[in-house]
Q: 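Take a look at this one; I'll ask things after.
Below, read A as the first sequence line, B as the second, and so on, with proteins coming before strands; counting in each chain starts at 1. Owing to the predicted nature of the structure, the values given are computational and were not obtained by experimental measurement. Just so you know, these numbers use all the heavy atoms, side chains as well, and skip hydrogens, waters and symmetry mates.
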Amino acid sequence: MNILEPADTPILGAPAPAIAFIILFLSISFFFYVMYRRINLLRKAAPDPRFSDIPTRVQRVLVYGFGQWRQPRYLGAGILHILLFAGFIILSLRSLTLIGRGFSPTFHIPFLTGSVGFAYDSIKDYTVLVVLIVCVIAMVRRAVFHPARYDHPGTIGHEHEAYVILGLVSALMITDMIHDGAALKASGLSGEYYRLPAATLASMFMPTNSMPTLNFLHVGGYWTHILFFLGLLNYLPVSKHFHVITAIPNVFFSNLNKGSIKPVKYGVADWMELEQCGVSDLTGFTWKHILDFYSCADCGRCSDNCPANTVGRALSPKMISVKARDYAYEHFPVFDRVAQPGRSERKLVGDIITEQEIWACTTCGACEAECPIFIEYIDKIVDMRRYLMDRGDIPLSLQKPLQQIKKKGNAYGAMKSKRSAWTKDIEEFQIRILEEGEHSDLLFFVDSCGSFDPRIQEITKSFARTMKRANVDFAILGPDENDSGNEVRRLGEEGLFEQVSSHNIDAFQARSFNEIVAFDPHAFNVIKNDYPEPFKVIHSSQFLARLLSNGDLSLNGGYLRDRTVTYHDPCYLGRHNGIYDEPRRVLKAIPGIRYQEMKRSFSRSFCCSGGGLLLWYENEEEKERMGERRVKMAMEVGAQVIVTACPFCLINIEDAIKTTGNEGKIEVIDLVELVDRSMS
Amino acid sequence: MNIIVCMKWIPDTSEADLTVSPGAKDIKKDDLDFDMNDWDRFAIEEAAQIKEKVGGKVTVVSVAPEESEDMLRECLARGADEAFQIWSDEMEGGDGYATASVLASFINGRPHDLILTGTLAEDDGAGQLGGMLAEMLGIPSATLASRIEVQDKKVAFVRELEGGLYEAMEMDLPCLIAVATGLNEPRFVSIRAVRKVASIEIPNLGTGELGVGADKIGHAGARIEIEKIELPPEGEGAEIVKGKPEEVAARLAEILKEKGAIA
């Protein structure tokens with residue numbers, strides 16, 4: 001006897017296809033209505049051009065979207081996610097087939113027939129079993145091991161979301177198994193366990209000779225499956241699981257201009273004329289940034305890697321997304337006829353996302369490097385800072401250095417005329433100040449730190465000596481140089497950034513040189529990525545690697561004396577500009593070097609607490625200095641020398657060595673200084 | 001509520017190598033950057049905050065040459081409604097008394113309930129102007145206010161005294177208060193904030209407009225005669241104490257005792 005098919009089984013006298021049509025029509029309508037409401041908010045948001053360079057975007061979707069490339073950075077969770085995602089792709093065809101089976105018992109997706117369909121049925125059955133197992137593991141993992149990154153501090157109502165979705169997906173798998181299992185049992189086929197393991201497993205619990213029971217399980221399993229499926233579909237856009245729909249678009253529209261900060265507002269000729277500068281409310285963000293909020297899956301990888309979060313500052317990048325999404329769902333709800341942005345007294349920027357959170361960020365980019373779906377944080381933080389800055393609300397410790405830059409072009413408060421005073425310390429040779437109209441092969445951009453900070457001046461002098469010994473024709477701007485403006489821009493003072501950068505650009509354009517070289521990654525980054533005029537700029541580590549490969553430099557191990565060396569990747573060199581290889585190449589050119597990599601290195605490097613103006617920033621919440629944490633990480637791998645390639649990392653880590661009482665046990669040195677001291 | 005804030009434009013000597021000008025009556029100022037006196041920054045901020053709370057009009061005024069426009073623009077960006085610059089070449093060489101005379105003739109002609117100044121200026125640190133200006137205007141005054149609350153027709157304020165003491169007082173309006181640093185958190189003034197007030201005109205008043213006599217201003221109007229300015233002689237140099245923390249601490253205590261700093 002053949003089993004009854006759902007499409008042939010009337011429900012309460014109503015024909016099944018009619019029921020299927022009504023259910024499908026209602027749920028799809030509701031789904032599209034919710035989607036319309038969600039997209040409507042994007043349309044109210046600020047503009048953001050995200051359609052450039054389509055080939056790169058497609059490539060990203062293939063590699064990071066469908067390829068899930070960043071998932072295995074957390075190996076266990078990553079594998080689970082890849083399995084779920086693959087299951088989702090495979091089973092989407094099955095879901096379409098099942099929807100069709102509500103109308104016709106023989107419905108097939110056109111190409112899934114014959115031997116292909118036969119193979120698919122088996123693949124699908126294995127997938128169902130794998131997905132079910134993954135869901136169970138994921139639930140147990142959450143319930144038993146409580147990974148801290150899944151927490152939602154300071155908000156309510158998010159704890160159960162993950163269980164709801166995992167439960168729904170499990171229910172989908174189980175109902176599918178029951179549906180197929182009953183048919184398998186009824187068919188009387190045996191020995192199918194290797195081909196249809198999930199259906200076989202389900203059928204083992206079913207009676208052999210009760211056709212009505214099997215019919216009930218087959219048809220009932222079908223309809224509960226359909227209801228769960230459509231329920232899940234409609235649950236997605238009202239929960240954190242919206243990412244199932246938005247993640248791929250989010251990767252497609254991801255930021256391609258790494259290292260640079262977005263303009264105050266896209267498509268505006270003069271931002272100074274705007275009513276408001278920066279972002280104070282949800283619709284002030286760009287549509288892509290709101291899509292980010294929709295897309296966050298609360299996995300917490302960002303916060304787990306955020307140095308500010310690690311040392312106890314108020315910032316957790318994930319919670320910015322979660323809180324903004326909660327705010328969006330509350331203020332732009334699905335069912336209100338008109339959105340009411342003003343109905344809550346609490347303001348998004350200031351009350352819900354606090355000033356402490358906004359200023360705690362070092363813009364190190366660890367969160368963005370980690371996010372599997374390229375959610376952005378730095379631009380949002382900077383946009384919110386711009387708003388606070390416009391109101392005059394900035395931490396007191398940052399006011400003075402900013403005022404000094406405005407007045408004197410440097411945060412140290414030193415007189416402009418003294419910018420090249422460090423050159424007097426070099427007696428062996430004269431350092432040329434490039435005057436307007438003159439040429440030099442290299443223009444050495446010293447920046448404020450290299451000009452005025454006594455410790456950083458040592459790097460400046462080392463670099464000058466190295467270039468001299470390699471017979472490179474170089475010169476400096478001297479008093480005509482201004483602060484590079486990297487942190488000025490990232491702290492949200494766009495007007496001052498324009499002032500200092502245009503001053504430097506004028507100075508560059510009045511002179512002739514082949515390229516600019518800087519040993520401070522912040523200066524390197526801002527000239528390369530933020531200055532509106534293109535200049536060829538390289539970092540000292542690239543320059544040194546080039547000297548080595550040209551044979552213009554030879555090194556010896558005299559200074560290191562067999563000590564174990566580790567390398568600290570500066571954020572603005574590594575994560576923001578992808579320069580990981582050159583500094584290591586220089587290090588490995590030192591004969592006999594004993595090199596040990598820290599656990600957190602390359603794109604997972606741990607920020608030392610920030611460069612430029614952040615040296616002045618005083619944070620009251622942190623329990624430990626980031627630099628101190630970093631020193632511990634270096635000591636854990638037995639390092640006696642930390643080499644870095646950023647003057648601010650050097651200062652922060654040098655301080656931390658002292659405050660952790662490790663003076664004499666471990667030393668920090670800039671790559672430039674190490675080369676200067678290791679030259680043969 | 002009419003608030004007038006008196007601002008001083010001073011040379012920034014913090015990071016400069018100072019030299020004495022020929023004649024030894026002043027330091028050389030040609031190479032120095034000038035800026036707002038930091039104490040006055042708190043005065044204008046306080047005025048802006050009072051205005052935000054109780055309403056009114058804030059006027060800033062400075063006896064300073066043309067370059068001080070930057071400072072006055074910053075005051076406008078902070079919330080002042082109007083700014084006046086008072087200068088003519090004859091005002092060169094004046095002291096606190098001469099400046100107070102000029103300010104008094106400016107203020108006398110316009111409505112004023114509260115006059116705010118910084119207690120001291122960072123350059124000469126004389127601390128004279130507030131008291132003298134109040135006397136010339138015939139109104140009461142107080143210095144070193146670390147909290148100000150404007151009430152109906154009077155002002156309550158707190159003065160910071162030595163030894164961690166605070167003194168709470170009240171004065172009838174109109175009056176003058178010279179403020180202490182730290183009585184508020186001055187807001188940051190961005191480039192854009194200054195740009196927004198770029199179109200406000202800052203009138204420049206000379207001796208003629210104010211009707212103040214030539215004998216009252218500049219060198220002629222000054223009551224202080226500077227005999228000589230010189231740099232302090234170079235010291236012997238510092239002793240750097242080295243060793244373990246406990247040894248360093250012991251040696252430091254010894255030195256302090258030797259020099260009579262601790263008993």
Q: So what's closer than 4.5 Å to chain A heavy atoms on B/R195: side chain, backbone, both or neither?
A: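 Looking at B/R195, just its side chain touches chain A.
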Q: Does any heavy atom of chain B fall under 4.5 Å from the side chain of A/L274, the backbone, both, or neither of them?
A: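 Both parts, backbone and side chain.
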Q: May I ask you to decide if B/S190's main-chain N or O and A/K406's side chain share a donor-acceptor pair within less than 3.5 Å?
A: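 Not a single qualifying donor-acceptor pair exists.
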Q: Does A/D270, at its CG atom, have more than 12 non-hydrogen atoms belonging to other residues, nucleotides or ligands within less than 6.0 Å?
A: yes
Q: Counting only heavy atoms not in B/E66, do more than 12 fall under 6.0 Å of its CD?
A: no
Q: Does a side-chain heavy-atom distance below 4.5 Å link A/M415 with B/D17?
A: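 Not touching, per the 4.5 Å side-chain cut-off.
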Q: Within the supplied structure, the quantity of interest is the number of heavy atoms (other residues, nucleotides, ligands) at a distance under 6.0 Å from A/K418 NZ; does it exceed 12?
A: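 Counting other residues, nucleotides and ligands, NZ of A/K418 exceeds 12 neighbours.
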Q: So for atom CD, which belongs to A/E621, do other residues, nucleotides or ligands contribute more than 12 heavy atoms lying within a distance under 6.0 Å?
A: yes
Q: Is it the backbone or the side chain of A/Q399 that comes under 4.5 Å from a heavy atom of chain B, or both, or neither?
A: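 Both backbone and side chain.
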Q: Kindly compute the distance separating CG (B/D35) from NZ (A/K408), expressed to the nearest 0.5 Å.
A: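 Here the rounded value is 7.5 Å.
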Q: Taking 4.5 Å as the heavy-atom cut-off, does anything in residues 447-461 of chain A contact chain B, and if so which residues?
A: none
Q: Within residues 22-31 of chain B, which residues come under 4.5 Å of chain A, heavy atom to heavy atom?
A: B/D31
Q: Checking B/E185 side chain against A/L396 main chain: does a donor-acceptor pair fall under 3.5 Å?
A: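 Side chain of B/E185 to backbone of A/L396: no pair is present.
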Q: Under 6.0 Å from the CD atom of B/Q151, do we count more than 12 heavy atoms belonging to anything else shown?
A: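 It does: B/Q151 CD has more than 12 such atoms within range.
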Q: Just checking A/R625: does its CZ atom have more than 12 heavy atoms from other residues, nucleotides or ligands closer to it than 6.0 angstrom?
A: no
Q: Would you check, one step at a time, whether the test side-chain contact (heavy atoms from CB on, under 4.5 Å) holds for A/R391 with B/F188?
A: CA-CA 8 Å; A/R391 293 197 318 189; B/F188 182 77; over 6 Å; no
Q: For chain A, which candidate among B/R78, B/R192, B/R187 shows the most heavy-atom pairs at distances under 4.5 Å?
A: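 Most pairs with chain A among the choices: B/R192.
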Q: Name the one of A/E498, A/M272, A/E494 that satisfies side-chain contact (heavy atoms from CB on, under 4.5 Å) with B/I191?
A: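 Of the listed options, the one satisfying the test is A/M272.
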Q: Answer yes or no: does atom CZ of B/R147 have more than 12 heavy-atom neighbours from other residues, nucleotides or ligands under 6.0 Å?
A: no
Q: Let me know if B/D12 has heavy atoms under 4.5 Å from chain A in its side chain, its backbone, both or neither.
A: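 Contact with chain A: side chain only.
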Q: Any side-chain heavy atom of A/Q403 sitting closer than 4.5 Å to one from B/R41?
A: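 Result yes, sub-4.5 Å side-chain heavy-atom pair found.
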Q: Walk me through whether B/D33 and A/K416 qualify under salt bridge (charged side-chain N to carboxylate O under 4.0 Å, His left out).
A: CA-CA 9 Å; B/D33 293 315; A/K416 282 179 188 165; over 6 Å; no
Q: Is the count of non-hydrogen atoms from other residues, nucleotides or ligands lying under 6.0 Å from A/K265 atom NZ greater than 12?
A: no
